[in-house]
Engineer: 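Quick one: structure below, then a few questions.
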Amino acid sequence: MSARDRLIVGLDVPTIAEAEKVVRTLGDTALFYKIGYQLVFAGGLEFARDLARDGKKVFLDMKLLDIDNTVAKGVENIVKMGMSMLTLHAYPKAMAAAVSAAKGSDLCLLGVTVLTSMDAGDVIDAGYEYDAHTLVLRRAEQARIAGMGGVVCSAEEARAVRKIVGPDMAIVTPGIRPAGADLGDQKRVMTPSDALRAGSSHLVVARPIVKADDPLAAASAILAEMDGALAA
């Protein structure tokens with residue numbers, strides 16, 4: 001895959017009008033977009049369908065988690081939308097239901113391990129007996145066993161996760177920040193080139209692009225850095 005196939009631009013904006021502006025501004029430079037809760041609740045599902053019809057790839061970041069039947073029925077409808085990627089929390093039963101529902105489709109199911117806004121203390125506060133790193137690896141193994149298409153984890157864990165999931169599963173890493181960029185609410189972050197070298201297959205970049213004074217220049221600079229890492 002080229003850098004353009006691996007860069008997922010996070011449309012973390014409040015309105016469809018702003019999302020459309022980002023897509024117009026980036027033009028052919030960006031191929032892949034992430035749509036999450038903020039935009040979904042502003043009409044983002046129909047916008048996601050429109051992007052897919054226009055030839056863009058869409059990563060629907062819904063982080064599904066519910067009883068098996070509910071997860072399965074949701075995944076069946078998301079398959080019909082033409083999405084490329086979908087997240088669900090990496091709970092074994094939910095993943096098994098999703099894999100069964102998506103069988104035969106091109107939808108890549110991603111198990112969310114531990115959010116990149118969480119550190120070891122946050123994980124303990126949430127009631128888990130494992131530290132963040134251990135929990136990520138445990139969930140990555142469960143995602144592999146379930147037959148998922150990939151996992152979402154921080155780039156800090158990508159190297160260790162790659163050893164668990166093998167060469168073919170996707171490792172999608174948010175919390176990507178170019179050198180010198182503001183970390184915002186992210187705690188486990190890495191630069192684009194370092195993330196690729198660590199084993200990430202896809203990088204999610206939102207604020208450093210969509211909030212930049214010149215989003216096209218920002219995206220182009222990140223792609224150039226990624227190209228350099230892939231060529232090394």
Engineer: I would like to know whether Leu86 and Val75 meet side chain to side chain contact (heavy atoms under 4.5 Å, CB included); could you show each step before the answer?
Structural biologist: CA-CA 8 Å; Leu86 169 70; Val75 170; 3.9 Å; yes
Engineer: Is there a continuous path of hydrophobic side-chain contacts, each under 4.5 Å between heavy atoms, that joins Ile8 to Leu31?
Structural biologist: no
Engineer: Check each of Leu107, Asp106, Leu45 against Met83 using the side chain to side chain contact (heavy atoms under 4.5 Å, CB included) test, and report the only one that passes.
Structural biologist: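 Testing each of Leu107, Asp106, Leu45 against Met83, the sole residue satisfying side chain to side chain contact (heavy atoms under 4.5 Å, CB included) is Leu107.
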Engineer: For residues 28-42, which residue pairs pass the side-chain hydrogen bond (donor to acceptor under 3.5 Å, both in side chains) check, not counting sequence neighbours?
Structural biologist: Asp12-Lys34
Engineer: Are side-chain heavy atoms of Leu88 and Leu65 found at a separation under 4.5 Å?
Structural biologist: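 The answer is no, as the side chains (C-beta and beyond) never meet within the 4.5 Å cut-off.
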Engineer: Please confirm whether the backbone N or O of Val13 pairs with a side-chain atom of Lys211, one donor and one acceptor, at under 3.5 Å?
Structural biologist: no
Engineer: Among all residues two or more places apart in sequence or in another chain, which pass the side-chain contact (heavy atoms from CB on, under 4.5 Å) test with Ala90?
Structural biologist: Met95, Arg139
Engineer: Using the test salt bridge (charged side-chain N to carboxylate O under 4.0 Å, His left out), find all partners of Asp5 that sit at least two apart in sequence or belong to another chain.
Structural biologist: none
Engineer: Please name all residues satisfying side-chain hydrogen bond (donor to acceptor under 3.5 Å, both in side chains) with Ser84, sequence neighbours left out, ordered by chain then number.
Structural biologist: none
Engineer: For Thr173 and Ser154, work out which heavy atoms get closest and say how close.
Structural biologist: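 Nearest pair, atom of Thr173 first, then Ser154: CG2-C, 3.8 Å.
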Engineer: Please find the pair of heavy atoms, one from Ala170 and one from Cys108, that lie closest to each other, and give the distance.
Structural biologist: CB-SG, 4.4 Å
Engineer: Using the side-chain contact (heavy atoms from CB on, under 4.5 Å) criterion, which residues pair with Ala126? Sequence neighbours excluded.
Structural biologist: Met118, Tyr128
Engineer: Going hydrophobic residue to hydrophobic residue with side-chain gaps under 4.5 angstrom, can you get from Ile35 over to Phe41?
Structural biologist: yes
Engineer: Under a 3.5 Å distance rule, please check whether Asp54 uses its side chain to pair with a backbone N or O of Lys56 as donor and acceptor.
Structural biologist: no
Engineer: Mark yes or no for whether Arg4, through its side chain, and Ala30, through its backbone, hold a donor-acceptor pair below 3.5 Å.
Structural biologist: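 Side chain of Arg4 to backbone of Ala30: no pair is present.
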Engineer: Can you name the nearest heavy-atom pair linking Leu26 to Ala219, along with the distance?
Structural biologist: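 Of all heavy-atom pairs spanning Leu26 and Ala219, the closest is CD2-CB, 3.9 Å.
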Engineer: Go through the structure and list residues passing salt bridge (charged side-chain N to carboxylate O under 4.0 Å, His left out) with Arg49, not counting sequence neighbours.
Structural biologist: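 Counting only residues at least two positions away or on another chain, Arg49 forms a salt bridge (charged side-chain N to carboxylate O under 4.0 Å, His left out) with Glu46.
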Engineer: Please name the pair of heavy atoms, one in Val114 and one in Ala132, separated by the smallest distance, quoted to 0.1 Å.
Structural biologist: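 So the two residues come closest at CG2-O, 4.0 Å.
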Engineer: With sequence neighbours excluded, what pairs up with Lys57 under the salt bridge (charged side-chain N to carboxylate O under 4.0 Å, His left out) test?
Structural biologist: none
Engineer: Given 3.5 Å as the limit, does a donor-acceptor pair link the side chain of Ser200 with the main chain of Leu203, or not?
Structural biologist: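 No, because the side chain of Ser200 does not come within donor-acceptor range (under 3.5 Å) of the backbone of Leu203.
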Engineer: Using the side-chain hydrogen bond (donor to acceptor under 3.5 Å, both in side chains) criterion, which residues pair with Ser220? Sequence neighbours excluded.
Structural biologist: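 Per chain and number, Ser220 pairs via side-chain hydrogen bond (donor to acceptor under 3.5 Å, both in side chains) with no residue.
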Engineer: Going hydrophobic residue to hydrophobic residue with side-chain gaps under 4.5 angstrom, can you get from Val205 over to Leu230?
Structural biologist: yes
Engineer: Quick one: does any side-chain atom of Thr25 pair with a main-chain N or O of Lys21 as donor and acceptor, under 3.5 Å?
Structural biologist: yes
Engineer: Give a yes or no answer on whether the side chain of Glu76 reaches the backbone of Ala101 with a donor-acceptor pair at less than 3.5 Å.
Structural biologist: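 A pair under 3.5 Å: no.
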Engineer: Checking Asp214 now: which residues fulfil side-chain hydrogen bond (donor to acceptor under 3.5 Å, both in side chains) with it, not counting sequence neighbours?
Structural biologist: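 Applying side-chain hydrogen bond (donor to acceptor under 3.5 Å, both in side chains) to Asp214 gives none.
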Engineer: Suppose the criterion is side-chain hydrogen bond (donor to acceptor under 3.5 Å, both in side chains): which pairs have a residue in residues 59-72, not counting sequence neighbours?
Structural biologist: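 Listed by first then second residue: Asp61-Lys63, Asp61-Thr87.
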Engineer: What closest approach, in Å, do Ala48 and Val58 show between heavy atoms, and which atom pair accounts for it?
Structural biologist: O-CG2, 3.7 Å
Engineer: Checking Glu141 now: which residues fulfil salt bridge (charged side-chain N to carboxylate O under 4.0 Å, His left out) with it, not counting sequence neighbours?
Structural biologist: Arg144
Engineer: Would you compute the distance between atom CG of Leu216 and atom CD1 of Ile209 and round it to the nearest 0.5 angstrom?
Structural biologist: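 One gets 10.0 Å once the value is rounded to the nearest 0.5 Å.
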Engineer: Apply the test side chain to side chain contact (heavy atoms under 4.5 Å, CB included) to residues Val23 and Phe47: give CA-CA distance (whole Å), side-chain angles for both, the deciding distance (0.1 Å), then the verdict.
Structural biologist: CA-CA 11 Å; Val23 174; Phe47 180 64; 4.1 Å; yes
Engineer: Please report the C-alpha distance between Arg6 and Leu196 in whole Å, then the side-chain angles of each, then the deciding distance to 0.1 Å, and finally whether the side chain to side chain contact (heavy atoms under 4.5 Å, CB included) criterion is met.
Structural biologist: CA-CA 9 Å; Arg6 297 171 182 266; Leu196 289 175; 4.2 Å; yes
Engineer: Using a 3.5 Å distance criterion without hydrogens, assess whether the side chain of Ser105 forms a donor-acceptor pair with backbone atoms of Ala102.
Structural biologist: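 Present.
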Engineer: Not counting sequence neighbours, which residues clear side-chain contact (heavy atoms from CB on, under 4.5 Å) with Arg162? List them please.
Structural biologist: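 For Arg162, the residues satisfying side-chain contact (heavy atoms from CB on, under 4.5 Å) (neighbours in sequence not counted) are Val165, Ile171, Ser201.
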Engineer: Between Pro192 and Ile176, what is the shortest heavy-atom contact and its length?
Structural biologist: CG-CG2, 3.6 Å
Engineer: Does Leu110 form a side chain to side chain contact (heavy atoms under 4.5 Å, CB included) with Val151? I'd like the steps, not just the answer.
Structural biologist: CA-CA 5 Å; Leu110 302 171; Val151 297; over 6 Å; no
